[in-house]
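One structure is given here, and the rest of the page talks about it.
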Protein chains: 2
Amino acid sequence: MDSSQLLKGVLDLAVLAVLDGQDSYGYDVVRRLREAGLDDVGDASVYGTLRRLFKAGALTSYVVASDEGPHRKYYGLNDVGRSLLSDSARTWTSFAATMDGLLKEVGAG
Amino acid sequence: MDSSQLLKGVLDLAVLAVLDGQDSYGYDVVRRLREAGLDDVGDASVYGTLRRLFKAGALTSYVVASDEGPHRKYYGLNDVGRSLLSDSARTWTSFAATMDGLLKEVGAG
DNA sequence: TGCCACTATTGCGCATTGCACAGTACTGTG
DNA sequence: CACAGTACTGTGCAATGCGCAATAGTGGCA
């Protein structure tokens, strides 16, 4: 089954979680998400999400030069972002519990 | 936070889970999902999902007259639907575990 | 020198899908 | 007859993940 639709609305949360505690840039966020198990996440999705969160005022942003390639645009959580992260995490946990409840009945008629 | 995006790709699974073990019709599926905790699920979403799953060959369908209102269009799982249900459930469980893993690091970064 | 791979970001347009809203229609109550 | 509850259909919109192309810097290799 295609898991891409599962990311809808959750990618924001995943990106915020990755940025929590340590600033990072798009290319690296993609790498970290894939290592975490989100194998199929598209790079354009992550860049888009970062831009959207920044535009929404949840992230700070600054550019850093790199010796190994082009410049990197770092993003970090601000207060809005941290607040959004905890709210989203709570919403996700609750939602996941509801789904688990629905699935528990499967096969039990 | 708006949880509507969280449903993306998961509503199929939720509907399949509700139909597992007992045939049902749209209006009742909506009611059951809301009782299960998916308070905000829209009726048009459920009807659309049922139609889509039927069109995809995962559901059987038959009409039953009702004494309390208009006819009811019942849906039930066939082999394709049951297979889709178990596959989707597995995908969901795995995905949810990945997300939980990402969130576990929050605050510990 | 020229070609290629890896790194890194942006922008365009598309596909999927949940939802609001309107319309149709049947039953029962006042 | 108006209205509420039940029940389904269709239209069009909004959100968002993704494929793909373009741009651009660094370094290796023939």
Side-chain angles (χ1 to χ4, degrees), chain A residues 1-16 23-34 38-56 58-59 61-75 88 91 95 98-99, chain B residues 1-16 23-34 38-56 58-59 61-75 84 88 91-92 95 98-99:
Chain A
M1 193 203 167
D2 182 18
S3 70
S4 79
Q5 291 298 319
L6 289 180
L7 270 180
K8 294 269 180 179
V10 184
L11 185 54
D12 283 27
L13 173 56
V15 166
L16 289 170
D23 293 4
S24 186
Y25 55 98
Y27 199 82
D28 188 55
V29 172
V30 171
R31 202 154 34 198
R32 288 213 244 163
L33 288 176
R34 288 184 178 154
L38 264 30
D39 307 327
D40 301 328
V41 71
D43 50 329
S45 310
V46 173
Y47 283 114
T49 297
L50 287 169
R51 271 177 262 163
R52 203 180 326 117
L53 289 173
F54 175 71
K55 199 176 165 190
L59 303 180
S61 178
Y62 50 98
V63 171
V64 175
S66 166
D67 289 344
E68 313 165 30
H71 67 276
R72 297 165 174 170
K73 190 180 265 184
Y74 274 77
Y75 291 96
S88 299
T91 301
F95 179 81
T98 296
M99 285 304 298
Chain B
M1 192 203 166
D2 182 18
S3 70
S4 79
Q5 291 298 319
L6 289 180
L7 271 181
K8 294 269 180 182
V10 184
L11 185 54
D12 283 28
L13 173 56
V15 167
L16 289 170
D23 292 5
S24 185
Y25 57 98
Y27 200 82
D28 187 54
V29 172
V30 172
R31 205 154 32 198
R32 288 213 244 163
L33 288 176
R34 288 184 178 155
L38 265 29
D39 308 326
D40 300 329
V41 71
D43 49 329
S45 309
V46 174
Y47 284 115
T49 298
L50 286 168
R51 272 177 261 163
R52 204 180 327 116
L53 289 173
F54 176 72
K55 199 176 166 190
L59 303 179
S61 177
Y62 50 98
V63 171
V64 174
S66 164
D67 289 344
E68 312 165 31
H71 66 276
R72 296 167 175 170
K73 191 180 265 184
Y74 275 78
Y75 292 96
L84 185 59
S88 299
T91 301
W92 159 259
F95 179 81
T98 296
M99 284 305 298

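Letters go in sequence order (proteins before strands), and every chain restarts at 1. What's counted below: heavy atoms across the whole structure, side chains too, no hydrogens, waters or symmetry copies.
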Hey, what do you get for [atom1] ([X]) to [atom2] ([Y]), rounding to the nearest 0.5 Å?
{"X": "B/M99", "Y": "B/W92", "atom1": "CE", "atom2": "CH2", "value": "9.0 Å"}
{"X": "A/L50", "Y": "A/L59", "atom1": "CG", "atom2": "CG", "value": "6.5 Å"}
{"X": "B/L7", "Y": "B/L13", "atom1": "CG", "atom2": "CG", "value": "10.5 Å"}

*Indicate the ring-plane relationship of A/Y62 and A/Y74, choosing parallel, tilted or perpendicular according to the 30° and 60° boundaries.*
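Parallel.
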
*Quick one: sort the B/F54 and B/Y75 rings into parallel, tilted or perpendicular, breaks at 30° and 60°.*
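Judged by the thresholds at 30° and 60°, the geometry between B/F54 and B/Y75 is perpendicular.
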
*Could you check whether B/G42 gets within reach of a base, just the sugar-phosphate, or nothing at all, counting any heavy atom under 4.0 Å?*
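Sugar-phosphate only.
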
*Contact class for B/D67 vs. all strands (heavy atom < 4.0 Å): base, sugar-phosphate, or nothing?*
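Sugar-phosphate: the residue B/D67, judged by heavy atoms under 4.0 Å, touches backbone atoms but no base.
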
Given [N], is OP1 or OP2 found less than 4.0 Å from the side-chain N or O atoms of [X]?
{"X": "B/Y47", "N": "D/dT9", "value": "no"}
{"X": "B/Y25", "N": "D/dA7", "value": "yes"}
{"X": "A/R72", "N": "D/dG25", "value": "no"}
{"X": "B/R31", "N": "D/dA7", "value": "yes"}
{"X": "A/R52", "N": "D/dG17", "value": "yes"}

*Nearest listed nucleotide, side chain of B/V41, among C/dG18, C/dC19, D/dC18*: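 Of the candidates, C/dC19 comes closest.
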
*Give the nucleotide from the list C/dT10, D/dG10, D/dG17 with an atom nearest to the side chain of B/A44.*
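Selected nucleotide: D/dG10.
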
Round to a whole Å and report the spacing from [atom1] of [X] to [atom2] of [N].
{"X": "B/Q5", "N": "C/dA20", "atom1": "CD", "atom2": "P", "value": "12 Å"}
{"X": "B/Y27", "N": "C/dA25", "atom1": "OH", "atom2": "C1'", "value": "14 Å"}
{"X": "A/D43", "N": "C/dT10", "atom1": "CG", "atom2": "C1'", "value": "11 Å"}
{"X": "A/L13", "N": "D/dG17", "atom1": "CG", "atom2": "C1'", "value": "16 Å"}
{"X": "B/K73", "N": "C/dA25", "atom1": "NZ", "atom2": "P", "value": "15 Å"}
{"X": "A/L7", "N": "D/dG19", "atom1": "CG", "atom2": "P", "value": "11 Å"}
{"X": "B/L33", "N": "C/dC19", "atom1": "CG", "atom2": "P", "value": "10 Å"}
{"X": "B/L6", "N": "C/dC19", "atom1": "CG", "atom2": "P", "value": "11 Å"}

*Taking for each residue the nucleotide of DNA chain D with the nearest heavy atom, is it A/S66 or B/P70 whose nucleotide lies nearer the 5' end?*
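Checking each residue's closest nucleotide, the 5'-ward one belongs to B/P70.
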
*If each of B/E68 and A/T49 is mapped to the nucleotide of DNA chain D with the nearest heavy atom, which maps nearer the 5' terminus, i.e. the 5' end?*
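Of the two residues, B/E68 wins.
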
_Suppose we call a contact any N or O donor and acceptor under 3.5 Å apart; does that hold for the side chain of A/K8 and the base of D/dT16?_
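By the distance-only test, yes, there is a pair.
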
